[in-house]
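A short worksheet on the structure shown next.
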Number of protein chains: 2
Amino acid sequence: MNDWAWLGFDSTPVQLKKAERLFGQGAKVQRMHILVNGRVKLIRHPFDGEDVVLHVATAGEMIAEASFFSEVYHCSAIADLPSEIQCIDRNEALEKMLSDTRFSRNVMHLFAQQIRDLRGLHELRNIRSAQSRILTYLATQADSSGKIIVNMSLRDMAYKLGLAHETLYRELRKLETSGQLERPASGEIILRETLA
Amino acid sequence: MNDWAWLGFDSTPVQLKKAERLFGQGAKVQRMHILVNGRVKLIRHPFDGEDVVLHVATAGEMIAEASFFSEVYHCSAIADLPSEIQCIDRNEALEKMLSDTRFSRNVMHLFAQQIRDLRGLHELRNIRSAQSRILTYLATQADSSGKIIVNMSLRDMAYKLGLAHETLYRELRKLETSGQLERPASGEIILRETLA
DNA sequence: CGAGTCGTTGAACGGAATCAATCGTCGTGG
DNA sequence: CCACGACGATTGATTCCGTTCAACGACTCG
């Protein structure tokens with residue numbers, strides 16, 4: 001999907017099986033990671049209480065970008081699917097950032113992109129109604145023809161949207177019944193125009 | 001609060017009165033902005049429907065960092081309080097980013113910080129219960145003695161937490177009654193230890 | 001002084017979470 | 001190879017808690 005040539009990787013990517021760990025909370029930050037393929041969950045382990053899913057990284061994302069300037073990771077990274085990850089030494093990356101124009105710009109782009117996505121999600125959560133939250137989200141994901149390829153389970157989508165998965169199922173069904181969307185195949189959703 | 005010396009500003013900051021506009025949605029991105037003092041709201045104006053508050057920037061933040069790499073702004077910035085803003089020409093900033101090590105690193109830091117904050121907020125919203133969401137948030141804001149200086153109105157805090165302001169008032173009252181926190185003065189909250 | 005806003009509380013409603021049960025699919029190991 | 005367990009998708013019934021609507025006093029600012 002993305003072209004990572006600018007990263008100047010010569011090494012082969014790390015391969016992780018499902019449930020394998022890329023790094024653990026508290027570990028020293030020594031590398032920069034780009035998720036080329038697969039899915040990686042970032043988990044925080046609080047002193048008390050149960051684990052919290054901080055984020056689910058999908059293909060093309062930089063993993064734990066926020067930790068890049070920290071000494072140690074504040075969360076663990078665990079493969080949620082078989083994944084392929086490009087690594088680059090932290091110091092090497094920092095150096096490259098100063099010497100290689102394209103590199104630093106691209107990294108910044110990744111950061112900015114991430115911020116915009118997060119703000120979008122935040123904005124989304126301010127929508128109280130489950131139905132319009134879902135519609136708004138789908139609208140942002142759809143291409144010009146209204147088609148959406150869902151590359152995650154509906155459960156994960158529900159989590160991302162901050163809804164109980166049952167609610168997501170129900171609302172999707174309602175929207176389907178009312179003709180506002182179609183689901184020709186699992187993992188595929190088509191939005192129908194409903195201009196007010 | 002923050003030291004912006006590294007930005008190498010020689011110019012005097014822009015002064016905005018309340019409700020004055022820094023830039024409008026769709027305008028060309030020509031400068032980089034750092035909010036030195038005050039409060040600025042980022043507003044998106046959708047084609048239909050009413051305006052949406054994307055974010056409320058407070059002192060020390062870079063404004064619309066996500067737009068820095070875009071051609072035009074995807075939102076408007078409006079002073080929410082009398083504000084002081086440092087501006088730097090976009091091209092100048094990009095240049096500086098490549099030539100000045102400290103500058104680029106600091107900008108990246110700002111970005112990373114922002115991402116971490118946003119993720120934290122996201123994480124927070126996954127807590128369903130209003131009470132524990134509030135407690136968790138306060139815990140992150142408190143210093144070692146449990147003291148919290150609230151630099152925004154409770155209404156804004158409620159918005160940030162994704163709660164109706166009435167709910168926030170009520171829950172704060174409950175927590176106060178049950179001795180889990182004190183409010184010696186407005187804008188000041190003290191958390192009491194309640195180890196399980 | 002009046003307009004605007006914040007903080008606060010009451011009452012009622014509604015919608016989403018929760019609990020629960022079923023079905024299908026996939027992977028794994030005996 | 002098939003049984004079993006794990007997990008995703010789906011739907012029903014019920015509960016509960018946060019939103020919403022409403023009203024009021026205090027304070028600030030022009």
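Everything quoted here is computed from the prediction, not taken from an experiment. Letters A, B, ... mirror the listed sequences (proteins, then strands); counts begin at 1.
In this structure, the CG atom of B/Asp80 is 17 Å from the P atom of C/dG4, given to the nearest Å. Rounded to whole Å, atom P of D/dA9 lies 10 Å from atom CZ of A/Arg183. The distance between atom CZ of B/Arg155 and atom P of D/dT19, rounded to the nearest whole Å, is 14 Å. When the C1' atom of D/dT19 is taken as reference, atom OH of B/Tyr159 falls 16 Å away, rounded to whole Å. In this structure, B/Leu172 places its CG atom 11 Å from C1' of C/dT8, rounding to the nearest Å. Rounded to an integer number of Å, the gap from OH of A/Tyr169 to P of D/dG12 is 15 Å.
Between B/Tyr73 and B/His33, the shortest heavy-atom distance links the atoms OH-NE2, 3.3 Å. A/Arg31 and A/Cys87 get closest at one heavy-atom pair: CD-CB, 3.6 Å. When all heavy atoms of B/Ala57 and B/Leu35 are compared, the pair lying nearest together is O-CD2, 3.4 Å.
B/Glu176 meets the salt bridge (charged side-chain N to carboxylate O under 4.0 Å, His left out) test with B/Arg173, B/Arg183; sequence neighbours excluded. By the side chain to side chain donor-acceptor pair (under 3.5 Å) test, A/Gln113 is found to be paired with A/Asp117, residues two or more places apart in sequence or in another chain being considered.
Taking 4.5 Å as the limit, some side-chain heavy atom of B/Ile63 sits within range of a side-chain heavy atom of B/Phe23. Inter-residue side-chain proximity for A/Ile85 and A/Val40 is flagged as met; some heavy-atom pair is nearer than 4.5 Å. With contacts defined as side-chain heavy-atom distances shorter than 4.5 Å, the pair B/Tyr137/B/Lys160 qualifies. Between B/Met62 and B/Met32, the closest side-chain pair of non-hydrogen atoms falls below 4.5 Å.
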Between the protein and nucleotides 21-26 of chain C, list every N/O to N/O distance that falls short of 3.5 Å.
none

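The aromatic rings of B/Phe111 and B/Phe69 stand perpendicular to each other, their planes meeting at an angle above 60°, with 30° marking the opposite boundary.
Across D/dT10, D/dG8, C/dC6, the shortest atom-to-atom separation from the side chain of A/Ser153 is found for D/dG8.
Here CD of A/Gln131 is found 12.0 Å from OG1 of A/Thr167. Values are rounded to the nearest 0.5 Å. Expressed to the nearest 0.5 Å, how far CD1 of A/Ile149 lies from CD of A/Glu188 amounts to 4.5 Å.
With B/Ser67 contributing its side chain and B/Ser70 its backbone, the two residues share no donor-acceptor pair below 3.5 Å.
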Original post:
Which letters describe nucleotides 24-30 of chain D, given B = protein heavy atom under 4.0 Å from base, S = only from sugar-phosphate, - = neither?
Top reply: -------

Subject >> Reading 5' to 3' through nucleotides 10-18 of chain C, protein heavy-atom contacts under 4.0 Å coded B for base, S for sugar-phosphate only, - for none >> reply: BB----SSB

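Between the two ends of the helix from C/dC1-D/dG30 to C/dG30-D/dC1, each summarised by a five-pair axis, the helix axis turns through 50° (rounded to 10 degrees).
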